[in-house]
Protein chains: 2
Amino acid sequence: MTNEIKEKLAKNKSLSLTERERFIAMFKAMGNPIRYEMMEHMLKYPGCNTANIVDHLPIAQATVSQHLKVLKEAELVIGEIEGPATCYCLIDENVKWFKETVQKIF
Amino acid sequence: MTNEIKEKLAKNKSLSLTERERFIAMFKAMGNPIRYEMMEHMLKYPGCNTANIVDHLPIAQATVSQHLKVLKEAELVIGEIEGPATCYCLIDENVKWFKETVQKIF
DNA sequence: AACATTTATCGTATATTTACGATATATATA
DNA sequence: TATATATATCGTAAATATACGATAAATGTT
């Protein structure tokens with residue numbers, strides 16, 4: 001999708017551009033089997049670190065890190081540095097917002 | 001993502017494989033600005049036809065048709081042939097299931 | 001039957017995503 | 001300070017997604 005098209009779409013919406021984009025980014029982020037699995041894993045094991053997640057998944061550490069970045073950029077997840085490791089959690093407030101918005105929109 | 005990886009993931013889930021895949025496909029389908037817009041449009045104008053949707057969007061008819069196919073494959077939308085046109089609606093039952101599943105999972 | 005209208009599909013170019021190994025960065029420990 | 005450990009980033013190859021024009025298919029109309 002070109003920027004031109006994105007600009008054309010960014011007019012007259014019920015959500016503000018920022019919220020709308022974030023909402024769509026959340027859908028996109030969770031619309032991948034690996035990232036969906038990561039979300040479930042963090043739900044089950046809040047505060048798990050990257051190594052835990054890597055062990056749980058059939059892909060390389062570098063790829064896990066890339067997927068984590070997508071989830072972070074969608075503001076679904078936050079990583080807190082704890083010593084040499086990073087602990088990951090869902091951002092409960094934003095997951096709640098997503099759930100509420102899903103209910104509200106559809 | 002390779003098929004090998006998809007197979008590795010398809011084990012020991014809370015949702016059945018079919019439901020899990022459908023749930024993720026729904027996220028993916030709605031995780032695109034054009035398709036999200038289409039969903040909102042159909043919500044607002046149930047039974048609108050392809051021409052309506054094309055008029056509402058800044059992309060070619062062929063591309064709209066492709067996006068509609070993705071939404072249909074995710075079982076979010078159904079098209080009913082009505083004369084030479086096709087009328088599109090959200091599949092309320094499945095949207096409801098999606099909403100319920102979002103509440104249940106997260 | 002011929003034609004007009006509407007939508008889907010085909011072929012294809014380009015952009016984006018996904019995956020990996022290699023390497024950089026950052027912190028804890030010896 | 002040197003080393004080990006954990007995670008992020010870089011470069012890149014391959015797969016997938018997105019967009020388009022051209023054209024096929026399906027239906028209504030003359």
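Here the structure is a predicted model, which is why all the values come from computation and not from measurement. Because only heavy atoms are used, hydrogens play no part in the values below, and waters and symmetry mates are left out as well, while side chains stay in.
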According to the Watson-Crick and G-U wobble definitions, with both distances under 3.5 Å, which nucleotide is paired to C:dC20? D:dG11
Counting just side-chain N and O atoms, does B:T63 come under 4.0 Å of either OP1 or OP2 of D:dC20? yes
CA sep, side-chain torsions, deciding dist, call: A:Y45, A:N52, side-chain contact (heavy atoms from CB on, under 4.5 Å): CA-CA 9 Å; A:Y45 305 106; A:N52 296 148; over 6 Å; no
Using a 4.0 Å heavy-atom cut-off across all strands, classify A:A62 as base, sugar-phosphate, or nothing. base
In the structure I gave you, are the side-chain heavy atoms of B:M39 and B:L43 within less than 4.5 Å of one another anywhere? no
Measure CE/A:M38 against C1'/D:dT7 and give the value in whole Å, please. 12 Å
Closest listed nucleotide, where the reference is the side chain of A:R35 and the choices are C:dA8, C:dC20, C:dT18: C:dT18
Examine distances only and state if a side-chain atom of B:N49 and a backbone atom of B:A85 form a donor-acceptor pair shorter than 3.5 Å. no
D:dT7, OP1 or OP2 - any side-chain N/O from A:K69 closer than 4.0 Å? no
Whole Å only: how far is the CD1 atom of B:I59 from the P atom of C:dA8? 13 Å
Please determine if B:E37 and A:R20 form a salt bridge, counting it only when a charged side-chain N lies under 4.0 Å from a carboxylate O. yes
Looking across every strand, which nucleic acid part, if any, lies under 4.0 Å from A:S65 by heavy atom: base, sugar-phosphate, or nothing? base
Strictly below 4.0 Å, heavy-atom distances to any atom of DNA chain C: list the hits from residues 74-86 of chain A, or just say none. A:G83, A:P84
Euclidean distance, atom CD of residue B:Q66 to atom P of C:dG11 [Å, nearest integer]: 13 Å
Side chain of B:N49 (C-beta onward), nearest among C:dT7, D:dT7, D:dT18: C:dT7
Is the phosphate of C:dT17 approached by A:N32 (side-chain N or O, under 4.0 Å from OP1 or OP2)? no
Under 6.0 Å between ring centres: does that hold for A:F23 and B:Y36? yes
Let me see the working for B:K96 and B:E100 under salt bridge (charged side-chain N to carboxylate O under 4.0 Å, His left out), right down to the final yes or no. CA-CA 6 Å; B:K96 184 166 170 283; B:E100 286 167 357; 3.0 Å; yes
Can you tell me the distance, in whole Å, between the CG atom of B:D55 and the P atom of C:dT5? 15 Å
A:Q61 (side chain) and D:dA8 (base): donor-acceptor pair under 3.5 Å: yes
For B:T50 and for A:G31, find the nucleotide of DNA chain C with the closest heavy atom, then tell me which residue's nucleotide is more 5'. B:T50
Between A:K28 and C:dT16, does any side-chain N or O lie under 4.0 Å from OP1 or OP2? no
A:E37 CD to C:dT18 P, straight-line distance once rounded to whole Å: 15 Å
Considering just the side-chain nitrogens and oxygens of A:H67, establish if one lies under 4.0 Å of OP1 or OP2 belonging to C:dA19. yes
Nucleotide D:dA6, atom C1' - distance to CD1 of A:I53 in whole Å: 13 Å
Can you spot which of A:T50, A:I78, A:L71 makes a side-chain contact (heavy atoms from CB on, under 4.5 Å) with A:Y88? A:T50
Are A:C48 and A:I53 packed together at the side-chain level, in the sense that at least one heavy-atom pair is separated by less than 4.5 angstrom? yes
With a 4.0 Å limit, can you tell me whether A:Y88 has a side-chain N or O closer than that to the phosphate oxygens OP1/OP2 of D:dA8? yes
Atom CG of B:L57 and atom P of D:dT18: how far apart are they, to the nearest Å? 14 Å
